[in-house]
Every structure is written in structure tokens, then in C-alpha cells.
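Note sheet for the following structure.
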Amino acid sequence: MAVAGFNEQFDKHGAWRREMGLRLKVLSDWLKEQQLLDDATDESMQRLAEQLRSDKVMVAFVAEFSRGKSELINAVFFASYGRRIMPASAGRTTMCPTELGYDVDLPPCLRLLPIETRLQPQALLEWRMVPEKWARVDLDVNDPVQLAGAMEKVSEVLHVSKDEARALGFWHDDRPEDNPPVGADGKVEVPRWRHALINMAHPLLKQGLVVLDTPGLNAIGAEPELTVNLIPQAQAVVFILGADTGVTKSDLTIWRQHLATMEGSAGTRFVVLNKIDTMWDELSTTAQIQAQIARQCDETARTLELDAQQVLALSAQKGLLAKVRGDSELLVESRLPNFEQLLGQQVLGARQAMLESAIRSHLNRVQTEAGRTIGMRRRELSEQMLELRGLRGKNHTVIRQMRLRVEQEKADFDRSAASVLAVRSVHMKLLRDVFKLLGSSSIKRELAELNAALREPGLKLGIKKSYTQGFDKLRGVMRQVQTLENEIHAMLTTSFRQLNTEYGFTLQAAAPPITAPFEKDLDAVERSHMQYLSVGNMMQLARPEFAEKLVRALLARVRSIFETALGEIELWNKSNSSQLDAQLRERRRAYGRRIEAIQRIQDAAGGLDARIGEIEDQEAALNAMTERLETLSSELQIPSDAVATASDQSEAVPA
């Protein structure tokens with residue numbers, strides 16, 4: 001049975017996302033056409049469509065130098081070029097963290113941030129906003145030679161004095177064993193670039209894949225934002241070791257300081273024992289070689305305290321060679337397909353499950369809101385039908401009196417807007433308190449003591465306590481937000497119940513967003529920062545420029561979490577407001593239709609029966625509308641494998 005490679009699985013994942021996006025658009029267009037789409041639901045659908053369109057899947061490759069990391073990236077993602085794209089020669093190749101992705105608004109290019117920017121306090125996220133500070137090399141994605149040549153720039157180095165290397169974070173007096181070698185001229189070799197961004201229209205990158213290639217321990221430790229922001233947010237982290245050496249001291253340092261802290265994400269951490277071809281010994285039998293590889297995998301799993309299934313052995317070089325040559329036998333021997341299958345199943349499977357959950361949640365909301373509007377229209381038609389049937393055999397005076405009564409009801413309803421405004425006034429006052437809690441000034445206030453502790457000169461021996469207290473305050477903010485949300489929800493529930501009783505509405509206050517997931521995000525950020533608080537990193541943390549970067553990275557990540565929470569609360573607020581607006585609008589339309597119907601009955605003989613017939617037709621149309629809503633919604637809940645099969649079959653039909 002053929003094993004589906006990562007590329008194939010990612011293609012199917014992309015096809016499913018595109019198909020779901022098309023079906024979502026069909027549903028959205030139909031809802032607009034039927035005037036069933038309020039502002040909040042419309043915004044929610046747009047967010048979901050954007051999520052399906054631009055969802056990113058980041059795979060981070062982490063390793064010490066010379067573990068074959070870039071070769072593995074070539075083998076998994078770029079073998080179709082028929083050659084290496086990422087530099088993968090002997091020795092140090094990728095000298096700076098490198099991100100490969102696709103942005104349709106940018107031309108194919110390689111952007112490089114000079115290493116000297118480390119001397120300034122701005123975080124990487126801030127430098128991304130200043131494109132003119134990056135060196136740029138245009139790429140020809142159809143020319144593998146030019147492409148590979150351009151990628152060689154990530155290997156460029158500078159030779160600087162020890163003092164300069166120390167200032168840049170590559171020379172540590174307290175850890176001489178980690179320092180780079182000193183040349184005969186007394187110079188130290190350091191990377192020329194701090195970070196690289198590659199934008200290219202590779203098929204996988206266009207579908208949302210982001211590849212993060214990180215260099216060795218020295219570079220990871222010197223760039224706090226890489227460890228506290230980028231790597232923890234990756235959907236998969238692939239840690240690469242040498243099959244012949246197993247877990248070395250520097251490998252173990254990277255694992256313990258930067259990866260083992262990623263609790264709750266064991267399913268997205270993989271360990272690859274690369275270069276098993278170095279163990280292919282002609283003097284040993286196949287069984288002996290396999291047993292030796294198995295022992296190395298078991299020993300690695302025990303050392304890193306991982307499930308054995310998360311450790312795989314392979315040969316990236318032989319896998320790449322097999323793909324380029326079309327050698328299926330060598331590809332099986334390389335074991336690369338096993339890794340690709342596991343990567344696809346666990347990473348894409350989890351991502352797709354998340355998107356499917358978002359679709360289901362959204363559909364429930366859409367069906368509820370649309371069903372509520374349809375129900376209100378149906379009730380209004382029933383009331384009209386009773387009114388009109390009661391007019392049979394009545395004279396013009398009675399009909400005129402009915403019109404006056406309906407007009408009076410409409411006038412009374414319009415004057416009742418004051419009660420609705422009162423509800424909104426209290427609602428907005430409570431919401432303003434929520435917005436203040438999640439604003440930038442609130443973050444700075446709650447983290448003020450931690451920021452001051454991080455910026456204090458010298459060793460920061462009490463910093464763990466400061467971190468704990470700072471994050472406790474942030475979690476406290478989230479709990480305050482949840483309390484206020486519950487107060488708002490209780491107030492809306494009472495107010496909506498009164499409006500329902502008084503005006504026959506069907507208002508139902510939407511449940512408030514749960515802040516527990518955001519507290520978990522804060523927990524993850526706290527864990528990722530705590531790795532710098534070990535004794536081994538105290539000297540690093542004592543450097544003012546390093547502490548400043550850590551502070552900025554912390555603020556950026558917390559701000560991102562708070563802004564996401566704020567976005568959900570704003571959408572929740574809009575959902576409640578739009579629901580009220582929709583029912584007010586429907587009631588006013590209903591009054592208009594009732595007055596128009598009575599006017600037509602007054603003006604034309606036989607208009608009564610005609611109007612009753614129209615209402616019966618409208619009721620039938622509402623029934624058809626309900627069926628269509630169910631059909632369009634069910635098409636968004638078809639299992640992904642059925643969508644992929646249908647897509648494959650449609651592509652197989654000849655033009």
C-alpha cells in the first residue's frame with residue numbers, strides 16, 4: 001500500500017479548504033439574497049472564509065549544526081526541483097533563522113535582516129514593519145539554479161572581533177565551550193544576517209505552508225523572540241539529531257531549554273534521527289542494521305522522555321536522491337515516506353479538525369439566526385392571515401378602522417425605541433470596561449513590575465517570582481473580563497426577555513466568549529519565557545540588550561493574545577446588537593406590509609382573496625427557504641475525505 005507523502009496530503013488539505021471556501025460563499029450569497037444575513041453573521045462568515053483561505057501551517061526545523069536539517073527540508077518540500085534548493089553542504093550552512101512562506105502581495109524574493117540590528121532594542125516583529133532595512137534579492141522560482149544560488153546567501157558570515165561578537169550575542173565568557181573558533185587574525189566568525197524571509201510561489205507555500213529553518217544553539221539562544229514567539233506557535237516542531245551520534249550534549253541543551261517546555265503539544269514534536277545511511281554497513285546483515293537503528297531510537301526516546309512513536313530514523317540525503325532519480329526502492333530504504341506520513345497525519349489532521357470545528361460552530365450560529373428571522377416572518381404572516389380572514393364580509397368602515405389600528409400600533413412601536421436605547425446604553429458602558437481591561441495600557445500596568453525587574457542591571461535572581469506574579473495578574477485580567485461578560489450576558493438576557501414579552505420578539509442573548517483558552521495561551525507564553533530563567537541563562541539575561549529584547553517579545557505576544565480576545569468580544573457584541581436590529585427591522589417591514597395590504601384591499605374589489613393567496617405563497621416560500629438553508633448548511637458538513645474524493649474525480653474527467 002502506497003504511503004501518502006506530505007506534499008500529497010497537503011495538496012488534499014488545500015483542496016478541501018478551497019472547496020469549503022466555495023461552499024461557504026454560496027451560503028453567504030444566498031443568505032444576503034434572502035435578507036437573512038445580519039452584520040454580525042456577515043462579519044463572522046468573512047472571518048471564517050479568510051481563515052479557510054489564508055490558514056497557515058508552520059513546521060519548524062530545529063537542530064544543532066551539521067545534523068542534515070536543510071537536507072531534510074529539501075527532501076520533503078523541494079525535491080520536485082530536481083536538486084537542492086536550501087544550502088546543505090558539509091559544515092555550517094543555514095547561519096540565520098530562515099522562514100519560507102508566500103505572500104501574494106510581494107514578488108518572489110529573499111529578504112535579509114543585517115546582524116547589526118541585534119545591537120538595537122527592536123524585536124523581530126518590529127523589524128518586519130520596516131522593509132527598507134532588509135536587503136532584498138529577487139528570485140526566479142522557475143530557475144532552480146538561480147533559486148539555489150540566491151539561497152546560499154543565508155550561509156554568509158562576517159569576521160568580527162571578540163568584543164563585537166560578544167555584543168551581538170555570539171561570544172559568552174561564562175560558556176567558553178559554546179563560543180565559535182577564533183581565527184589566526186583574532187577574528188570570530190558570526191552570521192552576516194539576523195533573519196531571512198523567503199517569499200516564493202511554491203505550490204505548498206501558496207496553500208499556507210510556512211517552513212521555519214533554525215540554526216544551532218548559539219543563534220537560538222541569542223534570539224529570544226525566536227524561542228518565545230515563533231517556535232511555540234508552530235504546528236509541528238521537528239528536532240533533528242544524527243543517527244550515528246544520538247543525543248549529544250548540545251542537542252540535549254537545545255531540547256531542554258527550548259523544546260521540552262512545550263507542554264501540551266507532544267503530538268506536534270517529532271525527533272528525527274537523520275543520516276541512517278552512515279549505519280548501512282556491508283559487513284552487517286540487514287537485520288543487524290535495523291536492530292541497531294531501533295536501539296538508537298529507543299535510547300533517544302528515553303533520553304528525551306518522549307513516546308517512542310515520536311522518534312523516527314531516516315536518511316534525508318538518500319530520500320532526496322531517491323525522489324530526484326525516481327528510485328522507489330531507495331526511497332523506501334531512506335524511510336523518508338514514514339516521516340512524511342506521520343507529519344501529514346498529525347499536523348494536517350489536527351489543523352483540519354480545528355477548521356472543521358470552526359465551520360460547525362459557525363453553521364450553528366448561522367442556522368440559529370436565520371431560523372429565528374424565518375420564524376419571525378412566518379409568525380407575522382400568520383397574524384396577517386388571521387387579520388385578513390377576519391375582514392371577510394366586512395364593510396369599508398371596518399377595514400378603514402383596522403388600518404388606523406395598525407398605523408397606531410406602528411406609531412407606538414416606533415416610540416418604544418427609547419427602551420431599546422436604554423438597553424444599549426447599559427450594554428456599551430459595561431463593554432467599555434471590558435475594552436479597557438484588554439487594552440495596551442492595561443497590559444503595561446499589569447506587567448510593569450516584571451518589566452522593571454527584567455530591565456534591572458546585573459543578575460536577576462528573583463526574576464522567577466516576578467514572572468509568576470506578572471502572569472498571575474494577566475490571568476486575573478482575563479477572569480475579570482469573564483466576570484464582566486457574564487454580567488453583560490445576564491443583563492441582556494433579562495432585557496431581551498422583557499422585549500420578547502412586550503413586542504413578541506424572539507431575542508436570545510448569545511453566550512459570551514470563554515476566556516479560559518486565552519489563559520492557556522498565557523500559560524504557554526509564561527512557560528516559554530521561563531526557559532531563560534535557569535542558572536545557565538542568568539548571565540545572558542544580565543545583558544541589558546538581551547533583557548530588552550525579551551521584554552519587547554513578551555509585550556508583543558501578550559498584546560496579540562489580548563487583541564484576539566478583544567476581537568471575539570467585539571464579534572459577540574455585534575451578534576447581540578445585530579440580532580436586535582434585525583428583529584426591529586423585520587417588525588417595521590411587517591407593519592409596512594400590513595398597511596399596504598389593507599390599502600390594496602380598500603382600493604380594489606376582490607383584493608382580499610388575492611392578498612390571502614399572496615400570503616399563502618409567501619408561507620410556501622418560507623418553507624422552501626428553510627429547506628434550502630438546511631441543504632446549503634449540510635454541504636459544509638460533508639466529511640473531508642468525501643470532498644477530496646469528489647475533487648479527485650472531477651479532476652480526472654477529461655476536458
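What you see below is based on every heavy atom in this structure, not just the backbone, and it leaves out hydrogens, waters and symmetry mates. Start at 1 with the first residue, then count along the sequence. Keep in mind that what you see is a predicted model, and the values were worked out from it rather than measured.
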Hey, does [Y] have a side-chain heavy atom less than 4.5 Å from the side chain of [X]?
X	Y	result
L447	V551	no
T98	M151	no
E340	V76	yes
L212	E99	yes
L113	L124	yes
V558	E446	no
V190	E164	no
L147	D143	no

Do any N or O atoms from the side chain of [X] and from the backbone of [Y] form a donor-acceptor pair under 3.5 angstrom?
X	Y	answer
R557	V525	no
Q51	L355	no
K323	A75	yes
R118	L168	yes
S560	A556	no
W127	Q122	yes
Y81	N74	no
S66	E64	no

Could you pull out every donor-acceptor pair under 3.5 Å between side chains of residues 52-60 and any protein atom, sequence neighbours left out?
unit_1	atom_1	unit_2	atom_2	d
R53	NE	E50	OE1	3.2
R53	NH2	E50	OE1	3.1
R53	NH2	E50	OE2	2.8
S54	OG	E50	O	2.7
S54	OG	E50	OE2	2.9
D55	OD1	R351	NE	3.3
D55	OD1	R351	NH2	3.0
D55	OD2	R351	NE	3.3
K56	NZ	Y102	O	3.4

Evaluate the side chain to side chain contact (heavy atoms under 4.5 Å, CB included) criterion for residues E156 and L112: first the C-alpha distance (whole Å), next the side-chain angles of each, then the deciding distance (0.1 Å), finally the verdict. CA-CA 11 Å; E156 293 180 341; L112 300 149; 5.7 Å; no

Check the pair L342, N338 against side chain to side chain contact (heavy atoms under 4.5 Å, CB included), reporting the backbone distance first and the verdict last. CA-CA 6 Å; L342 185 64; N338 298 335; over 6 Å; no

With sequence neighbours excluded, tell me which residues meet ring-ring contact (aromatic ring centres under 6.0 Å, His included) with F339. none

All ring-ring contact (aromatic ring centres under 6.0 Å, His included) counterparts of F471, not counting sequence neighbours: none

Take atom CD of E449 as the centre, draw a 6.0 Å sphere, and report whether it contains more than 12 heavy atoms from other residues, nucleotides or ligands. no

Looking at every non-hydrogen atom in both residues, tell me the closest pair between [X] and [Y] and how far apart they are.
X	Y	answer
A150	V137	CB-CG1, 4.2 Å
L312	Q309	CD1-O, 4.2 Å
G246	L241	O-CB, 4.1 Å
A79	V324	O-CG2, 4.1 Å
I85	P144	CD1-O, 4.1 Å
F270	A236	CE1-CB, 4.0 Å

Please name all residues satisfying salt bridge (charged side-chain N to carboxylate O under 4.0 Å, His left out) with R325, sequence neighbours left out, ordered by chain then number. none

Hits for salt bridge (charged side-chain N to carboxylate O under 4.0 Å, His left out) against E116, two or more places apart or cross-chain, chain-then-number order -> none

Value rounded to 0.5 Å, distance of [atom1] in [X] from [atom2] in [Y]:
X	Y	atom1	atom2	value
L522	L474	CG	CG	5.5 Å
M279	L273	CE	CG	8.5 Å
L554	E526	CG	CD	10.0 Å
D213	C96	CG	SG	8.5 Å
Q310	R269	CD	CZ	8.5 Å
Q317	L320	CD	CG	7.0 Å

Provide the full list of side-chain hydrogen bond (donor to acceptor under 3.5 Å, both in side chains) pairs with a residue in residues 271-280, sequence neighbours left out, each pair given once. D277-S315

List for me each residue that meets side chain to side chain donor-acceptor pair (under 3.5 Å) alongside [X], sequence neighbours excluded, and say none if there are none.
X	answer
Q296	none
D163	R166
S466	none

E563: side-chain contact (heavy atoms from CB on, under 4.5 Å) partners, not counting sequence neighbours: R559

Please enumerate all residues that pass side-chain contact (heavy atoms from CB on, under 4.5 Å) together with D281, with sequence neighbours excluded. L283, S284

Flag the pair K318 and E333 as a salt bridge only when some basic side-chain nitrogen lies within less than 4.0 angstrom of an acidic carboxylate oxygen. no

Determine, for R475 against D523, whether the closest basic-nitrogen to carboxylate-oxygen distance falls under 4.0 angstrom. yes

Whether F77 and F61 hold their rings parallel, tilted or perpendicular, with breakpoints at 30° and 60°: perpendicular

In short, ring-ring contact (aromatic ring centres under 6.0 Å, His included) pairs touching residues 233-252 with sequence neighbours left out are F239-W255

